[in-house]
Amino acid sequence: MEGRGLSAGGDFAAPLADLAGGALEPGSDGPGVTEPAPAPSPACRFFLAGGCRFGTRCRNPHPGALPGAPSPPPEPPSKKPPMKTAGDVISRILWDPQLPPGAFTVGHLDRFSGVREDAFTAFSWEDLASVGPDVLAIPQHRIQYFKYRGRVVWDKASRLDDVFGSTGGGRTILEVMEEEAGCPRAVGTGDGGSTGGCPPVAVPDGGAAVLEEDEADEDEPGAQRRPPATPRPTHFVAVRITSPELRGSVARLQEALTRADPGLAEFCAPLPTLHLTLCLLRLAGAGEVQAAVTALRELQAEHRRLLPPAPFLRFRGLGTFRDRVLYAAPAPGPEPAGLAHALERGFACKGLTVVPLPAHACFHLTVAKIPAGGEPRLSRPPEPPGEELGTQAVESLCLCQVGGGRRTDGFYSTLAELDLY
């Protein structure tokens with residue numbers, strides 16, 4: 001009996017020990033009872049998409065991945081190089097003896113008239129708090145671009161820096177000066193300058209000349225032939241003349257011309273085609289045409305965001321190009337040049353070819369034109385001195401095609417017409 005009691009006690013020793021101090025194994029509710037195995041974790045959805053950044057440390061399985069093979073680290077986001085500020089450009093022009101301040105112009109944002117240009121030397125670059133009320137000064141954050149002899153060398157919107165080369169363009173102002181030193185310059189460009197690069201023609205006798213977009217195979221009378229390397233425009237951006245007052249004045253001028261010489265009637269510009277050209281383009285294919293329309297829409301959105309007042313072009317007096325072209329020019333002002341520069345900047349950012357005008361000071365409205373080969377016999381009809389021909393508000397822009405025919409209303413074939421307001 002004693003042996004059997006010891007044996008019985010030995011038989012219950014292990015279960016009692018488990019109940020007294022031994023813990024149950026995980027996954028069991030007691031002797032002989034176990035829980036089902038947990039469900040496997042779902043596959044990592046970022047790995048399946050090819051973008052898991054945890055690699056082997058991820059808590060979710062990567063099916064098909066090599067064991068122990070770390071996933072490649074994520075590529076750091078590309079960071080644009082810092083651009084030199086307008087203050088840096090001002091200091092360089094002021095203190096670098098190699099740079100002539102008189103050759104630079106400043107495009108700045110005026111809260112009333114939009115973007116306008118003034119000579120660099122016209123400003124006082126002292127601290128604004130120390131200048132007097134009759135001194136021309138401007139906050140640096142209003143500066144939009146700098147030009148050297150009509151060529152844009154620093155532009156805030158497109159991150160162009162040809163002064164220091166800080167944005168990776170590979171060109172500095174000294175190289176630009178060497179390039180411009182070998183380029184012929186147009187006469188009488190004024191502060192407006194040219195669109196950038198080498199001006200394509202030199203205007204003799206102080207006359208203004210532009211390429212007529214409706215006759216792309218001819219140069220404007222009064223200008224030398226363009227070099228063969230200069231591309232011919234295929235499209236142009238213009239302000240259509242819709243003012244009844246201005247159209248009426250042009251019609252009266254044309255009637256005076258035909259009364260004096262009935263043979264000039266065929267050379268008078270039709271009233272529905274009257275316009276003022278701001279920019280010439282050479283577009284290859286539908287892709288570049290769409291890019292030009294996109295650039296115009298971006299300019300439209302920026303214009304509506306800034307909400308500058310609508311500029312008015314006041315036409316006063318007449319002029320001629322070597323007795324072949326009779327034109328009316330708008331009164332001098334920064335609005336046409338500022339708008340033309342904004343157009344060129346937007347098109348250049350899209351990689352489009354901008355055909356430079358000979359000079360931005362030569363914006364004009366053609367009244368009559370005798371083509372090359374004809375006898376030049378246009379002269380100014382008598383009109384009261386100082387008479388204003390009319391005013392045109394710049395509220396919309398038209399992207400037109402050279403040689404593309406006419407619309408039903410008589411204007412040039414228009415690919416896009418955008419309202420600025």
Side-chain angles (χ1 to χ4, degrees), residues 107 145 147-155 157-162 167 169-171 175-176 179-180 182-186 189 192-202 209-220 223-239 275-300 302 336-360 362-363 397-404 412-418:
Y145 58 86
K147 284 184 177 181
Y148 173 76
R149 294 189 177 181
R151 176 174 176 174
V152 180
V153 294
W154 187 93
D155 187 88
S158 61
R159 288 181 54 83
L160 171 68
D161 182 11
D162 284 349
T167 56
R171 184 184 287 109
E175 297 173 357
V176 172
E179 295 175 4
E180 291 295 315
C183 295
R185 296 181 59 196
T189 57
S194 64
T195 58
C198 300
V201 295
V210 299
L211 184 68
E212 281 294 314
E213 56 281 343
D214 56 340
E215 297 186 19
D217 57 338
E218 298 178 4
D219 284 324
E220 185 71 66
Q224 298 177 359
R225 288 286 180 181
R226 289 174 178 260
T230 303
R232 290 291 182 180
T234 59
H235 298 77
F236 62 95
V237 180
V239 177
H275 64 280
L276 186 138
T277 302
L278 294 174
C279 183
L280 299 175
L281 296 168
R282 183 172 181 83
L283 305 178
E288 291 195 354
V289 172
Q290 183 59 42
V293 174
T294 302
L296 285 175
R297 295 191 184 280
E298 292 176 356
L299 174 65
Q300 178 191 41
E302 179 67 13
L339 186 56
H341 172 74
L343 288 168
E344 295 161 5
R345 181 178 60 191
F347 293 138
C349 290
K350 300 294 183 183
L352 304 177
T353 302
V354 178
V355 180
L357 296 172
H360 274 167
C362 62
F363 298 115
L397 298 176
C398 298
L399 175 62
C400 304
Q401 184 176 2
V402 174
Y412 297 98
S413 176
T414 304
L415 304 180
E417 184 171 359
L418 302 178

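Just so we're clear, the structure is a prediction, and the values are computed from it rather than from any experiment. This chain uses plain numbering: 1 for the first residue, then up along the sequence.
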Residues passing the side-chain hydrogen bond (donor to acceptor under 3.5 Å, both in side chains) test with Ser158, sequence neighbours excluded, are Asp155
Exercise. Got Leu399 and Thr414 here, is their nearest side-chain heavy-atom distance under 4.5 Å?
Worked result: no
Could you check whether any side-chain heavy atom of Thr277 comes within less than 4.5 Å of a side-chain heavy atom of Phe363, counting everything from C-beta outward? no
Note: Val176 and Arg171 closest approach over all heavy atoms is CG2-CD, 3.3 Å
In short, salt bridge (charged side-chain N to carboxylate O under 4.0 Å, His left out) pairs touching residues 279-288 with sequence neighbours left out are none
When every non-hydrogen atom of Val239 is compared with those of Leu397, the smallest separation belongs to CG2-CD2, 3.9 Å
Rounding to 0.5 Å, atoms CD (Glu344) and SG (Cys279) come to a distance of 5.0 Å
side-chain hydrogen bond (donor to acceptor under 3.5 Å, both in side chains) filter on Tyr145, not counting sequence neighbours, yields Glu117
side-chain hydrogen bond (donor to acceptor under 3.5 Å, both in side chains) filter on Asp162, not counting sequence neighbours, yields none
Checking Leu299, Val354, Leu281 against Leu343 for side chain to side chain contact (heavy atoms under 4.5 Å, CB included), the one that qualifies is Leu299
Check whether any side-chain heavy atom of Phe347 lies under 4.5 Å from a side-chain heavy atom of Val237, and answer yes or no. yes
Handout entry: Any Arg232 side-chain heavy atom under 4.5 Å of Val355 side chain
Key = no
Taken to the nearest 0.5 Å, the spacing of Leu283 CG from Gln401 CD works out to 9.5 Å
The reported gap from NE2 in His235 to CG in Leu352 (rounded to nearest 0.5 angstrom) is 10.5 Å
Sorted by chain and number, sequence neighbours left out, side-chain contact (heavy atoms from CB on, under 4.5 Å) with Ala348 holds for none
Rounded to the nearest 0.5 Å, the NZ atom of Lys147 sits from the CZ atom of Arg151 at a distance of 12.5 Å
Residues at least two apart in sequence or cross-chain that pass side-chain contact (heavy atoms from CB on, under 4.5 Å) with Glu298, listed by chain then number, are Thr294, Lys350
Output for pair (Thr234 OG1, Leu280 CG), nearest 0.5 Å, gives 9.5 Å
